[in-house]
Number of protein chains: 2
Amino acid sequence: MNLKQFAKELNLSISAVSKALRDSHEISEKTKQMVLDKARELNYQVNPFASSLRKQKSKTIAVVIPEIDNNFFALAIKGVEMIAQEKGYHVLIYLTHEDVQKEVSVTKILQNGRVDGVMISVSSQTTDISHLQGLKENGIPLVFFDRVTEKITAPKITTDDYNSGIKATEHLIENGCEKIAFLSVSENLSISNKRLAGYVDTLKRNKINYDDKLIIRCSQNIEENKKILKKLLEKKIKPDGIFASVESLALTTYEVCNELNIKIPDDIKIIGFSNLRTASLLSPSLSTITQPAYEIGREAASILFTLIEKSGYNGIPENTVIKSTLTERKSTRK
Amino acid sequence: MNLKQFAKELNLSISAVSKALRDSHEISEKTKQMVLDKARELNYQVNPFASSLRKQKSKTIAVVIPEIDNNFFALAIKGVEMIAQEKGYHVLIYLTHEDVQKEVSVTKILQNGRVDGVMISVSSQTTDISHLQGLKENGIPLVFFDRVTEKITAPKITTDDYNSGIKATEHLIENGCEKIAFLSVSENLSISNKRLAGYVDTLKRNKINYDDKLIIRCSQNIEENKKILKKLLEKKIKPDGIFASVESLALTTYEVCNELNIKIPDDIKIIGFSNLRTASLLSPSLSTITQPAYEIGREAASILFTLIEKSGYNGIPENTVIKSTLTERKSTRK
DNA sequence: ATTATTTGCGAAAACGTTTTCGTAAATTTT
DNA sequence: AAAATTTACGAAAACGTTTTCGCAAATAAT
């Protein structure tokens, strides 16, 4: 069913029907009503491709994320989708699996106008950002969330990572830790580095000397990380505190401690970034820094939509920071 | 950058360039190479809307799910996205939040050809399925996964829910339970009913008399469920075993047991469907039926793509069942 | 050396909208 | 009552592809 047939049914012109459907003032109320009624009767839906082609607008955004089986990103998407649905937008999902190559190929594909805007949380391997610059050059609005990069000017929605790094480290120190390991995923991830900076500065302020053997670079692979952590925890001078900069690493630490029979929190205390509902049900319950993932998704989407709809509008802050919260549980108890 | 400008640069016709890009045999190898080189140089990308409009194909599928902050669905999407990326398809996500109305409006929107196919896991409130029938009538291939409905003919990918219901119930009985509650989310959800049927039949086979006060209908709301479960567990004749038919209910049970100081597994044993990585880290570790979510996503996507690409092909089974696995942990220990 | 066939390309017609512009008829203003 | 304006609609030109046809030139077959 297309406009041509539709128009014929009503003995109207294609343009009249089109205008009526878009509630144009050029069409009388009477015919508008007639058209609307007929549209309902025929279950007429405009062809999105014809419409997008003509209007040069897709009413679609893309969300590019490194992984989805991670409550943080799942919740962020939930937030995005909520706003998108309100605004009548469609949401395309692309997973990069932490692979820059995939990130590059995805952004290339998105340059052709398929989407009106892009939200991205960069992969942990991303250093060169020319592919993202490419999007901007093609006039496609871009918003970063959580995993941002300083190298490009665009709205960025994050949590207070530096501050959270401080809070987590202070929390461990207050509970008696003196030798705190920082588990990181990548040296070129802004969130990792900011959290690390908070950790380093807090050690300094507490006159604990910084030992770079305690900055543990982990990988994306759980089994590999287990090996790395086993090596760390089997040392005779093993750390007495662990600050996991991402959820997965906190869990891996738990698993390794179980295997090595290391008691949390007696032998070692753990705090980690996490959005797990089960944090409080773990054995022992896990002290966490929780990011407001859903709100981040909503906020990022809102900003993207104003970017799309009010091009030229200058009131959008480059950085939006939403605070995360520290929840103290048994894994850090004295 | 469009074909017209592109063609002018090479002093070729639009059609020649278009054909060259699609590797047509009508074009000589020499000019094909020239066109391909130029395409790379100019970073030419075909306009997806013009192409879709002309070809009546969108290279896009939709995934409609009730929620995303649930590891099962997150993993399923991961599987779908993997296959889609291999096949060069795009993936649109729609969340219904267990709301039929949203499901109906989403499927209406999808009827206009925006997507080449739809994958859906129906909301727990869905009973009338005319909106899904509508998709089929519009010639849009449809595949169900996990939450299927018998009322419509279409490929369905599920786990062996009936069998899993049996396994879980038997496991509880073997470990000494005699009064097993079944926590259900919805009376009109096939998975819920099949799991329930397995439970009922197993009780019968073990000569345990069935008590319909032990079939607990829960809601989507965590707080409400807490109230319901508290009421159940505060009874003097409270159950000695819980079979949670979805992940969220197992966790709520844990939370309520903590609040009421009921000891798992001594006072009550729990088994639940779940894809949580943290199942083994809970206190106590949770015995689970784990569904191969990722594989379900992959399989459902694969089937959808053959449906799309080989229309008329009859070799697709109406039902594909992928087994789930029972993992025994401490929450059901004797 | 003709005729038949193949090769390589271009013109033009879709695909289904949206939007500009033109223009009768209806209405308002002088 | 004539002129000016407004109202309500239609014709037609985009939007950027893909694909069918047509047709020269090149090659192959007689």
Side-chain angles (χ1 to χ4, degrees), chain A residues 1-36 38-39 42-60 88 90 109-116 138-140, chain B residues 1-36 38-39 42-60 88 90 109-116 138-140:
Chain A
M1 168 58 53
N2 57 19
L3 271 186
K4 202 168 167 184
Q5 299 165 43
F6 189 156
K8 197 171 283 173
E9 294 247 354
L10 288 171
N11 263 36
L12 274 175
S13 73
I14 293 180
S15 46
V17 175
S18 175
K19 286 173 194 168
L21 289 171
R22 332 202 84 250
D23 198 29
S24 160
H25 62 90
E26 288 183 38
I27 305 295
S28 73
E29 288 306 322
K30 207 178 61 183
T31 38
K32 269 187 201 170
Q33 202 48 58
M34 192 174 72
V35 168
L36 256 42
K38 199 74 178 177
L42 299 177
N43 191 25
Y44 171 79
Q45 304 261 25
V46 306
N47 180 305
F49 304 118
S51 180
S52 288
L53 175 59
R54 179 58 231 247
K55 297 204 288 188
Q56 306 280 54
K57 284 259 163 275
S58 65
K59 278 275 175 179
T60 305
H90 301 259
I109 286 171
L110 294 177
Q111 287 188 19
N112 58 11
R114 180 180 293 275
V115 295
D116 295 341
N138 271 280
I140 296 172
Chain B
M1 170 58 53
N2 58 20
L3 271 187
K4 202 169 169 185
Q5 300 166 43
F6 189 156
K8 196 171 284 173
E9 295 250 351
L10 288 170
N11 263 33
L12 275 174
S13 73
I14 294 180
S15 46
V17 176
S18 175
K19 285 173 194 167
L21 288 171
R22 330 202 87 250
D23 198 28
S24 160
H25 62 89
E26 287 183 40
I27 305 295
S28 74
E29 288 305 322
K30 207 179 59 181
T31 38
K32 268 188 203 171
Q33 201 50 56
M34 192 174 72
V35 168
L36 256 41
K38 200 71 178 174
L42 299 177
N43 190 26
Y44 172 80
Q45 304 261 25
V46 305
N47 180 304
F49 304 119
S51 178
S52 288
L53 176 59
R54 178 60 231 245
K55 296 205 289 188
Q56 307 279 55
K57 285 258 162 280
S58 66
K59 278 277 178 179
T60 305
H90 301 259
I109 287 170
L110 294 177
Q111 287 188 19
N112 58 11
R114 179 181 294 274
V115 294
D116 295 341
N138 271 279
I140 297 172

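Heavy atoms only: backbone and side chains are in, while hydrogens, waters and symmetry mates are out. Order of the sequence lines fixes the chain letters, A, B, ..., with proteins taken first and strands second; residue numbering starts at 1 for each chain.
- Contact annotation: B:Gln45 does not reach the phosphate of D:dG16 (side-chain N/O to OP1 or OP2, under 4.0 Å).
- Using a 4.0 Å heavy-atom criterion, one finds that A:Lys19 contacts the bases of the nucleic acid, with or without backbone contacts as well.
- Using a 4.0 Å cut-off, some side-chain N or O of A:Ser28 falls inside it from OP1 or OP2 of D:dC9.
- Among the protein residues, B:Ser18 comes within range of the nucleic acid bases, having at least one heavy atom under 4.0 Å from a base atom.
- Closest contact between the side chain of A:Glu26 and the listed nucleotides D:dT17, C:dG16, C:dC21 involves C:dC21.
- Among the heavy atoms of the strands lying under 4.0 Å from B:Ile14 is at least one base atom, whether or not backbone atoms are also near.
- No side-chain donor from either of A:Ser15 and A:Ser18 sits under 3.5 Å from a side-chain acceptor of the other.
- Contact annotation for A:Phe6: no contact, since no heavy-atom pair falls under 4.0 Å across all strands.
- Regarding contacts with the backbone of C:dT17, every side-chain N or O of A:Ser51 stays at 4.0 angstrom or more from both OP1 and OP2.
- Counting non-hydrogen atoms under 4.0 angstrom, A:Ser15 reaches a base of the nucleic acid.
- Across all strands shown, A:Thr31 has heavy atoms under 4.0 Å from sugar-phosphate atoms exclusively, and none from any base.
- Within the structure, every side-chain polar atom (N or O) of A:Tyr44 is placed at least 4.0 Å from both OP1 and OP2 of C:dG16.
- In terms of phosphate contacts, B:Arg22 brings a side-chain nitrogen or oxygen within less than 4.0 Å of OP1 or OP2 of D:dT18.
- Remark: B:Lys32 engages B:Asp23 in a salt bridge, criterion side-chain N to carboxylate O under 4.0 Å.
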